[in-house]
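Below is one structure, written out as structure tokens; the observations come after it.
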Amino acid sequence: MCGRFTLRTPTASIANLFEDIAIPEIPANFNIAPTQKVAAVRQRTQQPSREFSWLRWGLLPAWASDIKMGSRMINARSETVQEKPAFRAAFKKRRCLILADGFYEWLATPHGKQPIYICLQDERPFCLAGLWECNSKLESKPLETCTILTTAANPLVAPIHDRMPVILRADHFDQWLDPDFKDADALQNLLQPFAAQEMATRAVSRNVNKVGYNHPDCLTPTATQGELF
DNA sequence: CCAGACGTTGTT
DNA sequence: GTCTGG
DNA sequence: CCAGACGTTGTT
DNA sequence: GTCTGG
């Protein structure tokens with residue numbers, strides 16, 4: 001699954017992914033958690049251009065009347081997302097990209113939970129497949145929220161966890177973002193596990209949840225990586 | 001018909 | 001909003 | 001996902 | 001143990 005991730009790449013490099021979109025300054029965050037604002041790109045219906053948005057992580061359907069519902073909707077299974085009542089409307093018309101450059105999975109060991117950081121081998125930023133919603137029933141201002149799709153773990157991640165977030169290749173951005181693209185099977189085909197040979201894992205400091213979201217020590221390698229599996 | 005759920009993960 | 005269960 | 005709380009009453 | 005908040 002994906003319950004914590006990072007976005008620490010300098011904003012100028014992130015902007016290179018989207019030449020046509022104005023990207024605001026994005027502070028490095030080494031520990032992005034549910035309910036926080038995540039950096040996203042989306043395209044609204046009947047509007048030609050894409051836009052950058054900050055979205056609250058934890059999808060709250062338009063009809064939800066309890067904000068608690070959103071904090072549990074941090075992931076959507078790609079295998080069932082098109083049918084689930086909480087996600088299917090967003091899947092049809094409100095798909096988005098969530099900017100990231102790595103994510104954490106927690107490996108249970110005899111000595112406790114060991115955070116493992118997973119990113120691309122070249123550590124470049126990438127996009128996670130997301131959905132977004134707008135809810136106006138709860139607060140005076142409309143609340144825009146999102147969720148991250150998950151899929152089966154690839155062979156690199158499988159020893160740590162059986163699920164991983166959907167990473168989209170740049171040549172799939174167009175279809176994923178287009179609210180008028182209706183081919184459900186084609187969309188489903190975008191949600192495959194990312195190539196293991198292009199990714200890397202490393203055990204990192206257990207202080208990831210103590211040192212603070214903006215602290216690079218989140219990614220300090222630990223010495224025990226070889227003993228973990 | 002109305003009432004109530006609407007989700008994922010990991011663990012047992 | 002829409003489906004399921006009673 | 002993890003960390004932290006997990007309660008009520010009366011008074012300010 | 002389980003829920004809530006971040």
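Residue numbers begin at 1 in each chain, while the letters A, B, ... track the order of the sequences. Computed from a predicted structure; not experimentally measured.
- Here E:dG6 is the nucleotide among C:dG1, E:dG6, B:dT9 with the atom lying nearest to any side-chain atom of A:Arg4.
- Relative to the six-membered ring of A:Trp132, A:Arg42 meets both conditions, a distance below 6.0 Å and an angle of at most 45° to the axis.
- With both ends at atom P, the span from D:dC2 to B:dT11 equals 9 Å, rounded to whole Å.
- Residues A:Trp54 and A:Cys146 fail the side-chain proximity criterion, which asks for heavy atoms closer than 4.5 Å.
- Remark: the separation of the P atoms in D:dC1 and B:dT12 is 14 Å, to the nearest Å.
- For the pair A:Trp106 (side chain) and A:Ile116 (backbone), a donor-acceptor distance under 3.5 Å is absent.
- When heavy atoms are screened at a 4.0 angstrom cut-off, A:Ile74 is found touching base atoms of the nucleic acid.
- Across all strands shown, A:Thr80 has heavy atoms under 4.0 Å from sugar-phosphate atoms exclusively, and none from any base.
- Residue A:Phe5 is out of contact with every strand shown, counting any heavy-atom pair closer than 4.0 Å.
- Nucleotide E:dG1 forms a Watson-Crick or G-U wobble pair with D:dC6, both donor-acceptor distances falling under 3.5 Å.
- For A:Arg163, the listed nucleotide lying nearest its side chain is B:dT9; candidates were C:dC3, B:dT9, D:dC1.
- The OH-P distance, from A:Tyr104 to E:dG6, rounds to 21 Å in whole Å.
- A distance of about 23 Å separates the P atoms of E:dG5 and B:dG4, rounded to the whole Å.
- Look at CH2 on A:Trp106: it is 5 Å from P on D:dC2, rounded to the nearest Å.
- At whole-Å resolution of the value, CE in A:Met164 and P in B:dT9 are 13 Å apart.
- Here B:dT8 presents its C1' atom at 10 Å from NZ of A:Lys84, a figure rounded to the nearest Å.
- Nucleotides B:dA3 and E:dG6 are separated by 32 Å at their C1' atoms, to the nearest Å.
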Original post:
Hey, mind stepping through A:Phe91 and A:Trp176 against ring-ring contact (aromatic ring centres under 6.0 Å, His included) and telling me if it holds?
Top reply: CA-CA 10 Å; A:Phe91 189 92; A:Trp176 185 252; 5.7 Å; yes
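- The phosphate of D:dC2 has neither OP1 nor OP2 within less than 4.0 Å of any side-chain N or O from A:Arg206.
- The distance from atom CG of A:Asp162 to atom P of D:dC1 is 11 Å, rounded to the nearest whole Å.
- Side-chain polar atoms of A:Glu51 and A:Gln43 form no donor-acceptor pair below 3.5 angstrom.
- The two residues A:Arg88 and A:Glu83 come nearest to each other via the heavy atoms NH1-O, 3.3 Å.
- Base engagement by A:Ala33 is indicated by at least one non-hydrogen atom pair under 4.0 Å involving a base atom.
- For A:Tyr117 and D:dC1, the OH to C1' distance is 15 Å, given to the nearest whole Å.
- With E:dT4, B:dT9, C:dG1 as the choices, the nucleotide that has an atom nearest any side-chain atom of A:Lys68 turns out to be E:dT4.
- For the P atom pair drawn from E:dT2 and D:dT9, the interatomic distance equals 26 Å after rounding to whole Å.
- The side chain of A:Arg88 sits closest to C:dT2 out of C:dT2, D:dC2, B:dC6.
- Listed pair A:Ser71 / E:dG6 fails the phosphate criterion, with no side-chain N or O lying under 4.0 Å from OP1 or OP2.
- The side chain of A:Thr150 sits closest to B:dT8 out of B:dT11, C:dT2, B:dT8.
- Counting to the nearest Å, the C1' atom of D:dC1 and the CD atom of A:Gln114 are 15 Å from each other.
- Atom CG of A:Leu60 is separated from atom P of C:dG1 by 14 Å (rounded to the nearest Å).
- Among the nucleotides B:dT8, E:dG6, B:dC6, the one closest to any side-chain atom of A:Met73 is B:dC6.
- At the heavy-atom level, A:Thr147 lies nowhere under 4.0 Å from the strands shown.
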